[in-house]
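A short write-up of the structure that comes next.
Residue numbers begin at 1 in each chain, while the letters A, B, ... track the order of the sequences. No hydrogens, no waters, no symmetry mates; every other heavy atom, side chains included, goes into these values.
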Number of protein chains: 2
Amino acid sequence: MVTTLKPQLGANPERARSHNKQLVLRAIRHVGTAGRAEIARASGLSTQAVSNIISDLLSEGLLVEQGVRSAGRGLPVQQYAIKPDGGYAFGVEVRPTAVFTALVDLVGTPLFTHRTPLGDARKATILDTVSAQLDDALAKTQVSKEALMGAGIVMPGPFGETGLTGADSELPGWNTGDPAESFASRLDLPVFVENDANAAAMAERMNGIARGLDDFAYLYFGQGLGLGLVQNGQAVQGAFGNAGEIGHITVIVQGRPVELESATSRLSVQAYLAGQGVTVTNMDDLTSLYSSENRHLFAWLDQAAQALSSALSIIENLFDPQTVILGGAMPDDLLDHIIARTALPERSVSNRPDRTHPRLMRGTSGRMTATLGAAALVLHQAFTPTIAEAR
Amino acid sequence: MVTTLKPQLGANPERARSHNKQLVLRAIRHVGTAGRAEIARASGLSTQAVSNIISDLLSEGLLVEQGVRSAGRGLPVQQYAIKPDGGYAFGVEVRPTAVFTALVDLVGTPLFTHRTPLGDARKATILDTVSAQLDDALAKTQVSKEALMGAGIVMPGPFGETGLTGADSELPGWNTGDPAESFASRLDLPVFVENDANAAAMAERMNGIARGLDDFAYLYFGQGLGLGLVQNGQAVQGAFGNAGEIGHITVIVQGRPVELESATSRLSVQAYLAGQGVTVTNMDDLTSLYSSENRHLFAWLDQAAQALSSALSIIENLFDPQTVILGGAMPDDLLDHIIARTALPERSVSNRPDRTHPRLMRGTSGRMTATLGAAALVLHQAFTPTIAEAR
DNA sequence: GCGTTAACTCAACTTTCTTGAGTGTTCAAG
DNA sequence: CTTGAACACTCAAGAAAGTTGAGTTAACGC
């Protein structure tokens, strides 16, 4: 039972500078625009140090001057903001039948999104497709490869051979070798791999409803149901990268134990409605069923809300998050409906009077959520000081 | 909905050095004894830098020379080890009826442990008791206050007013104001507050069965049942410090939903046996019941194992830990029995062929587990590089 | 108007790390 | 047995990045 120490790096001038640069970028990003003195106070560095770092970042093209603000006495503040075209991130979501790609700029604005159907789901096919899509994205947006900071890849978990393997939506050929490695060498970029729920959570944290939150959970409606976890500003991956597989835990619905995923997921609603003779194939079908107040859909929503209430109790009591966000491949209307119907457990550490956020919130939904989340992984990394992380 | 950025510090020479010192200590601690070159390789620093740092640590009394080892070619390695009396940590566990204290040295060896009954559980009484115990511990062990690196405090959660407040084992008067603050100013020491489960987990990681593990869970039998979570080498506290309240989630036992804590906890076994006309008041009673193969106890153990199996499924699928450890106020025999009887869920991300650790292991049990865990919090902090953490 | 306040710059200084040359010890090949 | 390679470590010089303190500039308020 040999346990190796996780490699951590010592601080030297070079790594210290890189750390400080990311710290400054993060501070500016958080408030939008900021002046040197403000950043110095926030970071515990001297104004001089911040000045030097900012002049570096300006010449690297990561920051722009943003005019002067005179607030109170003293010399007016020269303000700085993130330069949108200071860098770009490529986001990829791999599903068994298609690959979704997105190119976003440094502030997270998508410049290009695309869906490419997959002929087959072999590893080589996927790598080829993603690589071609990257070239296409760069060409269409006139972005140079040098300006790309990395690629985020969202793949359906679980990774490796586990007790959940063999189920529904598998990708063959990925269980051997490190997927990140394969993509990194093929795309010649730094690569970050995550599951859909964590990626969606990070997207929400970078540019969505979870901006500034450091501890929250994200329930992601994908094919099944995934749990994204952010603790201390970092996505929780678990020892083998498979944290958040909430779909297979047992919850109580109408007094009977069922798998959470079988009560609340896209497959679940499709199966339920099919059992009632109603066919849905995409999110638009669900939206129109909802607006026509289809009683079968409403019945499903009710039991989904029940299942969710159990899940909420577990998530809240185990993680004590600032909030729980619901999002993914489910129309806004339905998410809102579920949120309204979900009983907030009383016996929960989250049931506290001094809350700043609702216990349950709706996040971004839609087909591209996870793909944009993949890109957000790259941005997150660019704005997170990491002196000790070995690469 | 204002979200403030978590304060993070920039790197300057002083903080870089402190970071590197902790990194060196951690590297040495991990392997027991080590030479300069070995540490340099592990930390990404130059041998020269490591040399300078080690000479610092020697003169601060945190390291000792440990003789020469000639391994293969080259100059024999001058080895260094942690100096046990290089520093001390005070551990405190506060319960409603008693305060437990321990003084441990830098390698974690307890020099002094004590149980002090509490006349009442008012805040002032507790602070007085702890303070007196600290003085006593220092006097009896001849340790100077300057050598104390801090105090770890274990208190029953949940912290603050929550949906679980008002239950069984409360301490009045702690919901207002920061407990850490109160202890820090009273003891004039750096203070770290945790719940019992997380503290026990950190103890196990520092000196127990979880040495070197960075991602694991600890199920702690206290009054109720608590979940300690270590992710990335850090205890997970949640947004409000109340993560790990697993006792109140619903699990299935014999087909019926029950609160986990009512099926598996010290109170649970007492209540169950009382219902069968068997009275137990302490762990020794349980041990003798077990060795006499009491059928009521065995029946309880069986249903506890069932409940645990459900809990295990949740923990594994949500956290994907390296292992789950069982420990706390329950005799070893009983823990071993439960572990042997607990069905390992098949539908779990932890059910994988390439495991290095068993899925369920027994940790340290006994009355002082959490108290020593409290002290371990201080040691953990001393061996963890933290350049960016604001204090 | 004029002093106070505050942001920012400049130049000198400090800390800490890295680099490269040099020393001493051990092992192994000729 | 000699010689050279391998390796740990030290010394001294140099580089990188931070801090400090004095000085400059602009706005506010009395």
Side-chain angles (χ1 to χ4, degrees), chain A residues 8-25 27-28 31 33-60 63 65-81 385 387-388, chain B residues 8-25 27-28 31 33-60 63 65-81 385 387-388:
Chain A
Q8 254 192 300
L9 297 181
N12 58 18
E14 183 189 344
R15 296 199 272 258
R17 177 60 147 226
S18 151
H19 172 96
N20 288 348
K21 273 186 189 170
Q22 286 166 305
L23 197 64
V24 167
L25 286 173
I28 294 178
V31 291
T33 72
R36 295 159 163 83
E38 183 182 352
I39 299 167
R41 281 188 297 267
S43 62
L45 292 171
S46 61
T47 12
Q48 185 58 59
V50 173
S51 263
N52 295 339
I53 291 164
I54 283 189
S55 104
D56 262 28
L57 293 172
L58 280 172
S59 61
E60 287 170 31
L63 290 182
E65 300 199 343
Q66 193 79 77
V68 171
R69 176 181 53 110
S70 69
R73 291 185 173 182
L75 208 158
V77 183
Q78 172 63 56
Q79 306 240 98
Y80 298 91
I387 199 164
Chain B
Q8 254 192 300
L9 297 181
N12 59 19
E14 183 188 345
R15 295 199 273 256
R17 174 67 123 180
S18 148
H19 172 96
N20 288 348
K21 274 186 189 170
Q22 286 166 305
L23 197 65
V24 167
L25 285 173
I28 294 178
V31 290
T33 71
R36 295 160 163 84
E38 184 182 352
I39 298 166
R41 280 188 297 266
S43 62
L45 293 171
S46 61
T47 12
Q48 185 58 60
V50 172
S51 263
N52 295 339
I53 290 165
I54 283 188
S55 103
D56 262 30
L57 292 172
L58 280 173
S59 62
E60 287 170 31
L63 289 183
E65 300 200 343
Q66 193 78 79
V68 172
R69 176 181 53 109
S70 70
R73 289 184 176 182
L75 210 158
V77 182
Q78 172 63 55
Q79 306 241 99
Y80 297 91
I387 200 165

Would you say B/Arg36 places a side-chain N or O within less than 4.0 Å of OP1 or OP2 belonging to D/dT10?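 For B/Arg36, the contact criterion (side-chain N or O under 4.0 Å from OP1 or OP2 of D/dT10) is met.
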Classify A/Ala37 by what it touches in the nucleic acid, base, sugar-phosphate, or nothing, heavy-atom distance under 4.0 Å.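 Since only primed, P, OP1 and OP2 atoms lie under 4.0 Å of A/Ala37, the category is sugar-phosphate.
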Under 3.5 Å between N/O atoms: give me all the protein pairs with nucleotides 11-15 of chain D, atom names plus distance.
residue, atom, partner, partner atom, Å
D/dC11, N4, B/Gln48, OE1, 2.6

Atom [atom1] in [X], atom [atom2] in [Y]: separation rounded to 0.5 Å?
X: B/Leu23; Y: B/Ile53; atom1: CG; atom2: CD1; result: 8.0 Å
X: B/Ile54; Y: B/Gln78; atom1: CD1; atom2: CD; result: 9.0 Å
X: A/Glu60; Y: A/Leu25; atom1: CD; atom2: CG; result: 8.5 Å
X: B/Ser18; Y: B/Asn12; atom1: OG; atom2: CG; result: 10.0 Å
X: B/Leu45; Y: B/Arg36; atom1: CG; atom2: CZ; result: 14.0 Å

All pairs passing salt bridge (charged side-chain N to carboxylate O under 4.0 Å, His left out) where residues 8-19 of chain B contributes a residue, at least two apart: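 The answer is B/Arg17-B/Asp56.
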Would you mind reading off the distance between B/Arg69 atom CZ and D/dA8 atom P, rounded to a whole angstrom?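 Result: 9 Å.
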Atom CD1 of B/Ile39 to atom P of D/dC9: distance rounded to whole Å?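 Distance, rounded to whole Å: 9 Å.
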Give me the atom names and distance for the closest heavy-atom approach of [X] to [Y].
X: A/Tyr80; Y: A/Glu65; value: CE2-CG, 3.7 Å
X: B/Ala34; Y: B/Ile28; value: CB-CG1, 4.4 Å
X: B/Thr33; Y: B/Ala81; value: CG2-CB, 3.8 Å
X: B/Gly44; Y: A/Leu9; value: CA-CD2, 4.3 Å
X: A/Ala27; Y: A/Ile39; value: CB-CG2, 4.4 Å

5'-most contact on DNA chain C: A/Gly35 or A/Arg15, nearest heavy atom basis?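 Comparing both residues, the 5'-ward one is A/Gly35.
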How do A/Gln78 and A/Asn12 order along DNA chain C: which one's closest nucleotide is nearer the 5' end?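 Final value for this comparison: A/Gln78.
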Please work out which residues in residues 49-58 of chain A have a non-hydrogen atom less than 4.0 Å from an atom of DNA chain C and list them by number.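 Only A/Ser51 qualify.
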So which protein N/O to nucleotides 22-27 of chain D N/O distances come out below 3.5 Å?
none

Of all nucleotides in DNA chain C with an atom under 4.0 Å from a non-hydrogen atom of chain B, which is the first and which the last going 5' to 3'?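 Extent of the interface on DNA chain C: C/dT15 to C/dA28.
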Would the distance check show the side chain of A/Asn20 and the main-chain N or O of B/Gly10 forming a donor-acceptor pair, the cut-off being under 3.5 Å?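 No, the answer is negative, given that no donor and acceptor are paired below the 3.5 Å cut-off.
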How do A/Arg17 and B/Gln79 order along DNA chain D: which one's closest nucleotide is nearer the 5' end?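 Final value for this comparison: B/Gln79.
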Could you name each residue pair satisfying side chain to side chain donor-acceptor pair (under 3.5 Å) that touches residues 37-49 of chain A, not counting sequence neighbours?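 Every side chain to side chain donor-acceptor pair (under 3.5 Å) pair that includes a residue of residues 37-49 of chain A, provided the two are not neighbours, is A/Gln48-A/Asn52.
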